[in-house]
Structures are given as C-alpha cells and as structure tokens.
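To start, the structure itself, in structure tokens.
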Amino acid sequence: METKEFHYRAYRPRPFTKEERSKTTILFGGLTWKHERLIQGSLERMGYKSMPLPNIERQDLDIGKEFIDVGACCPTTFTAGNLARTLMTLREREGEEGVKNNYLFVTIGACGPCRFGQYHESYERVLEGLNLTDFRLFLLDLLQMEQSAPGGGLEISMPLTFGLVYSMFYGDLITDMEYAIRPYEVVEGSTDNMVRESVELLYERLKNRPIKGKKIDSLIWHVFTGYFVDALKEVRRLWDEIEVDRLRVKPKVKITGEFWLQTHEGDGNYNIKRWLEKEGAEVIPPPVAVWMDYLINMELFKLEDAKGFVKKYYLKKLAIGTIAGLYKMVYNRLRKALNNIPNPLPDQRKLKELARPYFHYRLTGGEGHMLIGKALYAYLNRQAHMICELSPYGCLPNTMSVGAMAKVLGDYPDLLYAPIEIKGDAEVHAYSRCQMILTEAKRRAKEEFEEVLERTGLTVEDIRNFEEDHPELRRATYKVPHYGYAGTASNYAMHIAKLMGRI
C-alpha cells in the first residue's frame, strides 16, 4: 500500500511591495467601529488604502465554527468568522484573484496563557478552508513602534504609530463621553448622532494631520502639539448642544474582563453594554488605553524586581518612567479638552497594590492583576455600584481572576460582582445572571440618592427650580465633581446643594 508523508509548513505570506501599496486595501478589525474609523484616518494619511471589517454579528460565530477548532474561545471564533464572512463577500464580488491581489489582512500578536497568541493560527485555518492560502495575512508586534511586513509595502513608522495611538485615545474618549451622557439625554438619539458626527470630525483631522519628522522630532511634535487638543475642543462645542437630565437615578456598572469582550460593542458580548443601559444602568466602559498603560508599567515593575542585576538600572528606569509619564500626560491633556468628562486612566501602581493580596502582578496574561485591582478600586473609591466581568468560556487568565475574586468577596461582602461567562450563544443565561446583581445595584443607587436629599434638605423640585435659573447645568459637557457617591444623580444633587450654599 502506497503511503504519503505530509509535512507541516508554517504560513508565510507573499510579500507586499511598495509598488502594490496604491492598489491594495488593508483589512483590519477587532475594536469598536469608532476606533476603527479613526485608525482608518491614520492609515490613509500615510498613503494606505484601508477598510475595517464589518461589525461582528451573530452569524460570525456560526461561520467561525465551520473553519476553526470548535473548542476555541468565542472572541477567536467570532473574529475568525468575521474575517471569513468578509473574504467570502469580497470573493463573490471580485473573484478569487481579486481578493488575493487587492486585499491583505493585518492583525497584532501577543503571547501568554490564553489563545490570543494563536489568533493568527485560526485565521490561517480560515484561509485554508476558503482555499485562499495565497491571501496575505500579516502579524505585527504590538509593542514595536517601527516594523515592516515582508516586501516593504507595509511600514509601521513612528508617524504612523503615533497616529494609531491618537486614534486609540480619541476612540476611548468619545466612548467615555457617549456612555456618560446617553443615559441622561433628554432627546433620545442625540448622543448617538453626536458620536457619529464627532468621529467623522476626528477622522478628518487624523487624515489631514501634518507629518513632522520621522524619529525624535516626530515624537516631540506628537507629545506637545496642540493640534489634537484643538480637534477635541471642536468636538466639545458640538456636545454642548446636548441637554441632559442628571436627576435620573441609575446604578453605575463598571465593565471589566477579557480585552476583546470588554471593549467590544455588538453581538460578540451579547451587546451587554446597550442591554445594561436599556435596563436602566449607566455603564463605565473600559478604555483600550488602560491596557497599553498596563503593558508599559509592567516593563517598569519587571525592571524594579531585577534592580540588583540590571546594568544602568536608574537610566533604564528613568527612560521607561518617562514614557509612562508622557503617555498619561497626553491622555489627560485630551481629557481636559472635553472638560474632563471622560474618566482618567487608573494608577497602575495603585491597581497592583490593591490586587497584591489576591493576585500577584507577575502572573501575566490577559488582563493580569488588573481585573482584581479595577474591581477594588471602583468599589473603594465609590466609582460604581456594581462590577460586571466578561470572560470567554474557558479563558484561563479570567478563570484565575474569577477564582481570586472569591477571596475578595469574602473580605468585601458588599462588593456587587457579576462574573459573566460568554460563549456567544447563551445570552439569556448571561442576562439573567447579570439581572440578579443589577436589581441590588438599583436598590443601592436609589437609597444613596434619598440619603443625599435627606442630608442636604433638598427636594427634586428645589433642584429643578435651581436648574431653571442655571441652564448651563443641563449641558452634557458640564462637569459634576465627585462627592464620594457612586451615582451620577447623587453627586449632582450634592453639587447643587453646594452651589446653593446648603453644604
């Protein structure tokens, strides 16, 4: 009997040359439509044609299961299915050769005790399944500011990297504004309309931004220029037009969890942020920028651990510390342009210390110790009534943090914590589990507001009368200080009391 030997061959994409750049479209995805539209502006400024993958839909889960390991986590299955759906649509429209020659897909890689480091392997299975093995798929390193794909057609240079960083910052800040304002908008739909208008304005600014130098001069310009701040000041003037009613008493829910699930907005996580809003909650979304801040600070923590063995320790610590400081400084400058309505980035050293008794920070992978740290930070600082942690089915890093949270809840029994395991096709179970905790969060928000009214001697009617004389209080961009209460309505009532001289 004749036998054949099969040898594994690692995927190697065909080169992408500079000559092909003008006629080849870069496909990418994995973030919200806002982040992706802004990234598109940054890519186009550098001369690339680009197109985000379509929004994730429920059908992507089923398509993904046809091509990749059935035991893969739902973020892998959804994103692989999304790529497959896109390529099938393009092939139907432009033919097989058109797809292979006119498009390529770019994604980022990482490693750790989860499947994120194997996403590209799943994408390769999709290419094999579609008989598109000549289609080009490039894997880039998340932490390198300068790199290129084989052929030199795709160059990640300093100006492009900084454009992508600002795209991420803009996307995060607009998302923070959106979730802080939509639950209180007087005219339904006004926030969503303003989000679309703001993203298009910022897309144009990114697409037309000046290119100043290539190395250090590029870094200095991007850190200290007022160009990006001025664009957000334009956005703020737009948001001034939205009227809000902050006396709606709502529980505040902080979202944490696996990176893709917590930042995603769509069927991939049962659209749980919108669902929470429909159930009467205010959501605190997780910015992508927190994760990058975590990666930078982890380098600093590792260096400090090895202090006795590192040459030029203080010089290296100064370098990394400076990068971390500049990163946060730029983010805060942008927040200020929006009157500090978006939340600040959490102090990474504080998160590490809060999580230390339960989860050691050197257990990296996924979100590491941050899930514990963020839950405790929000609880102890009265930033949220409830924590909702989103985990993919069978996710090792999240399983570790959920296990550690058992001890946290033993020490802080009042902390409302809803760990939601997401499989992609069991939304009723997820909603039901979340609903149980949300009911208690609603009760606490109401009691908190009543306590503020009793403490200040105010009534809702008193506040309404004061608002009539001070209409600026009902603008979306009016900043309400934090008075130690989790709820927006409670802090607002305290602020009115202070303005009236009651406290």
Side-chain angles (χ1 to χ4, degrees), residues 21-22 24-56 82 86 103-108 140 154-182 189-212 218 221-223 225-242 263-266 285 287-289 292 330-331 333-338 341-342 476-477:
R21 191 179 290 177
S22 62
T24 306
T25 300
I26 297 173
L27 303 174
F28 64 98
L31 296 173
T32 72
W33 70 267
K34 292 160 278 187
H35 290 84
E36 290 169 357
R37 178 64 171 159
L38 296 167
I39 288 172
Q40 192 176 16
S42 293
L43 287 169
E44 289 176 356
R45 176 63 185 93
M46 303 305 293
Y48 296 102
K49 294 174 67 177
S50 63
M51 186 175 84
L53 299 183
N55 284 343
I56 294 280
N82 190 236
T86 304
Y103 299 90
L104 58 87
F105 180 66
V106 174
T107 187
I108 57 174
L140 300 178
L154 177 62
E155 297 174 295
I156 307 299
S157 61
M158 293 274 270
L160 176 55
T161 297
F162 283 117
L164 298 177
V165 170
Y166 271 99
S167 301
M168 176 183 68
F169 284 168
Y170 276 170
D172 285 347
L173 294 166
I174 294 299
T175 301
D176 247 28
M177 291 282 287
E178 173 189 357
Y179 283 92
I181 291 168
R182 185 166 47 228
S190 55
T191 305
D192 288 345
N193 291 335
M194 199 56 68
V195 169
R196 285 191 286 272
E197 194 171 340
S198 301
V199 169
E200 284 308 303
L201 186 154
L202 296 173
Y203 161 81
E204 291 295 333
R205 297 297 178 274
L206 287 165
K207 187 178 176 181
N208 296 298
R209 71 192 163 100
I211 301 299
K212 304 280 188 180
S218 176
W221 184 80
H222 279 93
V223 169
T225 181
Y227 181 84
F228 300 101
V229 171
D230 291 343
L232 282 179
K233 287 179 179 175
E234 288 184 61
V235 168
R236 178 182 167 178
R237 285 191 284 274
L238 295 174
W239 287 73
D240 274 341
E241 299 173 8
I242 298 180
T263 53
H264 178 65
E265 295 175 341
V288 179
M292 288 298 296
V330 170
Y331 195 80
R333 280 185 73 204
L334 298 177
R335 283 182 57 240
K336 189 177 179 183
L338 296 173
I341 301 292
T477 53

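Sequential numbering from 1 along the given sequence is applied to the chain's residues.
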Original post:
Does any N or O in the side chain of Arg335 come within less than 3.5 Å of the main-chain N or O of Pro342, such that one atom is a donor and the other an acceptor?
Top reply: yes

**OP:** For the pair Tyr227 (side chain) and Arg205 (backbone), establish whether a donor and an acceptor sit closer than 3.5 Å, ignoring hydrogens and angles.
**Re:** yes

Original post:
Any side-chain heavy atom of Pro52 sitting closer than 4.5 Å to one from Trp33?
Top reply: no

Subject >> Val106 and Leu27, any side-chain heavy atoms less than 4.5 Å apart >> reply: no

**OP:** Can you sort out the partners of Glu197 under side-chain contact (heavy atoms from CB on, under 4.5 Å), two or more places apart, ordered by chain and number?
**Re:** Met194, Leu238

**OP:** Check side-chain contact (heavy atoms from CB on, under 4.5 Å) between Lys233 and all other residues, then give those that pass, not counting sequence neighbours.
**Re:** Val229, Asp230, Arg237, Ala337

Original post:
Applying the salt bridge (Lys or Arg N to Asp or Glu O under 4.0 Å) test to Arg37, which of Glu200, Glu44, Glu204 qualifies?
Top reply: Glu200

Original post:
When rounded to the nearest 0.5 angstrom, what is the spacing between CG in Asn55 and CD in Glu36?
Top reply: 7.0 Å

Subject >> Nearest heavy atoms of Ser198 and Val235, plus distance in Å >> reply: OG-CG1, 3.6 Å

**OP:** Could you pull out the closest heavy-atom pair between Pro287 and Tyr331, with the gap in Å?
**Re:** CB-OH, 4.0 Å

Original post:
Considering residues at least two apart in sequence or located in another chain, which fulfil the side-chain contact (heavy atoms from CB on, under 4.5 Å) criterion with Ser190?
Top reply: Glu185, Val187, Ile242

Original post:
If we only count heavy atoms from C-beta on, is the Ile39 to Leu164 side-chain gap below 4.5 Å?
Top reply: yes

**OP:** Kindly say whether Val223 contributes a backbone atom to a donor-acceptor pair with the side chain of Arg333 at under 3.5 angstrom?
**Re:** yes

Original post:
Minimum heavy-atom separation for Gln40 to Met51, with atom names?
Top reply: NE2-CA, 4.2 Å

Subject >> For Arg21, all residues meeting side-chain contact (heavy atoms from CB on, under 4.5 Å), sequence neighbours excluded >> reply: Phe16, Lys18, Tyr48, Glu155

Subject >> Gap between atom CG of Leu232 and atom CH2 of Trp239 - 0.5 Å precision >> reply: 11.5 Å

Do any side-chain atoms of residues 170-178 form donor-acceptor pairs under 3.5 angstrom with protein atoms, and if so which ones, sequence neighbours left out?
from: Tyr170; atom 1: OH; to: Phe228; atom 2: O; distance (Å): 2.8
from: Asp172; atom 1: OD1; to: His35; atom 2: NE2; distance (Å): 2.8
from: Asp172; atom 1: OD1; to: Val288; atom 2: N; distance (Å): 3.0
from: Asp172; atom 1: OD2; to: Val288; atom 2: N; distance (Å): 3.1
from: Asp172; atom 1: OD2; to: Ala289; atom 2: N; distance (Å): 2.8
from: Thr175; atom 1: OG1; to: Lys34; atom 2: NZ; distance (Å): 3.3
from: Thr175; atom 1: OG1; to: Gly171; atom 2: O; distance (Å): 2.7
from: Asp176; atom 1: OD2; to: Asn343; atom 2: N; distance (Å): 2.7
from: Asp176; atom 1: OD2; to: Asn343; atom 2: ND2; distance (Å): 3.4
from: Glu178; atom 1: OE1; to: Lys34; atom 2: NZ; distance (Å): 2.6
from: Glu178; atom 1: OE2; to: Arg182; atom 2: NH1; distance (Å): 2.6
from: Glu178; atom 1: OE2; to: Arg182; atom 2: NH2; distance (Å): 3.2

**OP:** Provide the full list of salt bridge (charged side-chain N to carboxylate O under 4.0 Å, His left out) pairs with a residue in residues 158-171, sequence neighbours left out, each pair given once.
**Re:** none

Subject >> Atom of Ser167, atom of Ser42 and distance for their closest heavy-atom approach >> reply: OG-OG, 2.7 Å

